[in-house]
Amino acid sequence: MEVILTKTYDDMSNAAAQEIARQIRKKPNSVIGLATGSTPLGTYKELIRLHKDEGLDFSKVITFNLDEYLGLSPTHKESYNFFMWDNLFKHVNINPENVHVPQGLVEDAEEFCHWYEDEIKKAGGIDLQLLGIGSDGHIGFNEPGSSFGSRTRVKTLDEQTIKDNARFFDSIDEVPHFAITMGVGTILEARKIVLVASGDNKAPVCVQFIEGPLTSQVTASALQLHPQAIVILDEKASVQLKRKKYYNWIRDNKHTVKKYLDR
Ligand code: PGA
């Protein structure tokens with residue numbers, strides 16, 4: 001796991017956007033996995049800027065979102081479909097046919113989950129998956145206890161997640177209790193993973209998933225198993241890390257290592 005320590009929220013967002021932009025420039029028809037929540041908002045803002053100012057081209061990009069609340073229509077203002085269009089898709093030249101967000105209103109959720117997994121496979125698998133992290137350690141809506149082998153399925157939200165997300169709804173009673181989410185196993189199949197975390201409230205969980213043991217009680221710790229996982233933190237989210245000096249040492253020596261590798 002590569003741990004990148006940045007100072008501010010904007011620095012974290014720009015670093016994540018650069019990773020995504022690099023992927024899209026290298027492979028214009030990249031399959032990108034996307035996340036919702038407040039943390040990736042700055043990353044999306046920077047991607048929009050890169051599109052407008054530097055011509056970053058989304059026309060061939062294919063996207064798959066991690067999750068959606070079960071029971072919310074795609075036009076509901078708190079649905080993740082609405083969020084993605086509002087905060088990214090409508091501002092860039094993405095082809096709507098290439099956008100995939102799980103359906104919150106489905107007759108047969110199980111069948112839909114199989115279909116979603118098949119669509120990811122048909123697209124050739126995810127090249128880069130962007131992730132946030134919940135204060136309970138979840139990635140997607142894989143709440144504590146989710147198997148590292150889990151696939152896209154319906155998941156019951158943890159009480160903590162319901163409380164955390166209540167800020168977006170008029171009242172806590174309106175927060176759905178179920179969601180469709182890619183599984184931890186689905187996420188781990190992405191070729192590259194970029195996780196962003198920001199703020200004091202994420203500091204305890206960041207030290208747990210980066211430097212603590214591998215456990216399904218903190219599903220983000222599964223990233224320790226991934227060969228190309230990059231974790232980008234702002235200063236507040238990184239305060240409890242024990243090995244900060246080493247992460248910075250790696251960053252400072254990156255170009256020297258590259259010289260050896262390029263020989
Ligand atoms: P947040 O949510 O970015 O709004 O903190 C993260 C998540 O729950 O994955």
Side-chain angles (χ1 to χ4, degrees), residues 6 8-17 20 32-47 64-70 72 77-84 86-88 101-102 104 126 129-146 150 152 155-169 172 174-184 186-188 190 193-210 216-223 229-240:
T6 64
T8 66
Y9 173 79
D10 285 347
D11 296 337
M12 176 207 74
S13 303
N14 294 346
I20 298 171
I32 309 283
L34 295 172
T36 50
S38 354
T39 317
L41 279 174
T43 304
Y44 295 151
K45 215 169 127 203
E46 176 61 7
L47 284 174
F64 284 91
N65 261 79
L66 281 170
D67 46 18
E68 178 60 285
Y69 288 117
L70 199 62
L72 294 196
K77 73 175 195 350
E78 296 311 334
S79 75
Y80 288 165
N81 181 71
F82 186 91
F83 174 101
M84 287 310 302
D86 206 32
N87 292 300
L88 178 65
V101 182
I126 292 173
Q129 175 69 54
L130 177 66
L131 297 175
I133 182 169
S135 62
D136 65 359
H138 71 210
I139 46 176
F141 270 129
N142 293 290
E143 300 291 25
S146 296
S150 53
T152 303
K155 199 65 202 162
T156 307
L157 304 194
D158 193 87
E159 227 183 315
Q160 183 61 47
T161 302
I162 294 172
K163 276 189 207 146
D164 286 349
N165 292 4
R167 69 189 195 276
F168 300 113
F169 291 81
I172 194 163
E174 286 179 28
V175 185
H177 288 191
F178 304 96
I180 288 181
T181 181
M182 280 186 204
V184 181
T186 321
I187 293 169
L188 288 178
I193 294 179
V194 176
L195 184 147
V196 282
S198 143
D200 305 315
N201 64 325
K202 298 290 169 70
V205 81
C206 282
V207 69
Q208 282 181 56
F209 93 89
I210 297 170
S216 65
Q217 293 306 310
V218 182
T219 52
S221 69
L223 265 56
I230 302 175
V231 175
I232 308 173
L233 308 180
D234 72 358
E235 198 167 20
K236 287 182 178 160
S238 72
V239 287
Q240 295 188 20

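For clarity, every value in this text was computed on a predicted model and none was experimentally measured. Each ligand, and each atom within it, is numbered from 1 in the order the structure gives. Each residue takes its place number in the sequence, starting with 1. Reckoned from all heavy atoms, side chains included, excluding hydrogens, waters and symmetry mates.
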Worksheet item: Would you call Y9 and L41 a side-chain contact if the rule is heavy atoms closer than 4.5 Å?
Response: yes
Worksheet item: So which heavy atom in the protein is nearest atom 5 (O) of ligand 1, and how far is it from that ligand atom?
Response: K202 NZ, 2.6 Å
Worksheet item: Using 30° and 60° as the class limits, which term best fits the ring planes of Y69 and F169: parallel, tilted or perpendicular?
Response: perpendicular
Fill in: Under 4.0 Å to a heavy atom of G134 - the qualifying atoms of ligand 1, by number
7 (C), 8 (O), 9 (O)
Worksheet item: Applying a 4.0 Å heavy-atom criterion (strictly less than), which segment of D164 is in contact with ligand 1: side chain, backbone, both, or neither?
Response: neither
Worksheet item: Hey, is ligand 1 close enough to T39 that some N/O pair sits below 3.5 Å?
Response: yes
Practice prompt. Specify the protein heavy atom at minimum distance from atom 8 (O) of ligand 1: its residue, its atom name, and the distance to 0.1 Å.
Written response: H138 NE2, 2.7 Å
Practice prompt. Might you point out which heavy atoms bring E68 and N81 nearest each other, and give the distance in Å?
Written response: OE2-N, 3.0 Å
Worksheet item: Just which atoms of ligand 1 are under 4.0 Å from any heavy atom in G37?
Response: 3 (O), 4 (O)
Discussion item. For a 4.5 angstrom cut-off between non-hydrogen side-chain atoms, does K77 reach F83?
Written reply: no
Worksheet item: For atom 4 (O) of ligand 1, which candidate among P40, S38, G140 holds the nearest heavy atom?
Response: S38
Item to complete: Under 4.0 Å from a heavy atom of R167: give me the atoms of ligand 1 that qualify, with their elements.
Response: 4 (O)
Worksheet item: With distance as the sole test, does Q217 use its side chain to make a donor-acceptor pair with the main-chain N or O of P144 at under 3.5 Å?
Response: no
Worksheet entry | Ring centers of F141, F178 separated by less than 6.0 Å | no
Fill in: Distance in Å, S198 OG paired with D11 CG, rounded so as to fall on 0.5 Å steps
11.0 Å
Fill in: I133, N165, I139: member with heavy atom nearest to atom 6 (C) of ligand 1
I133
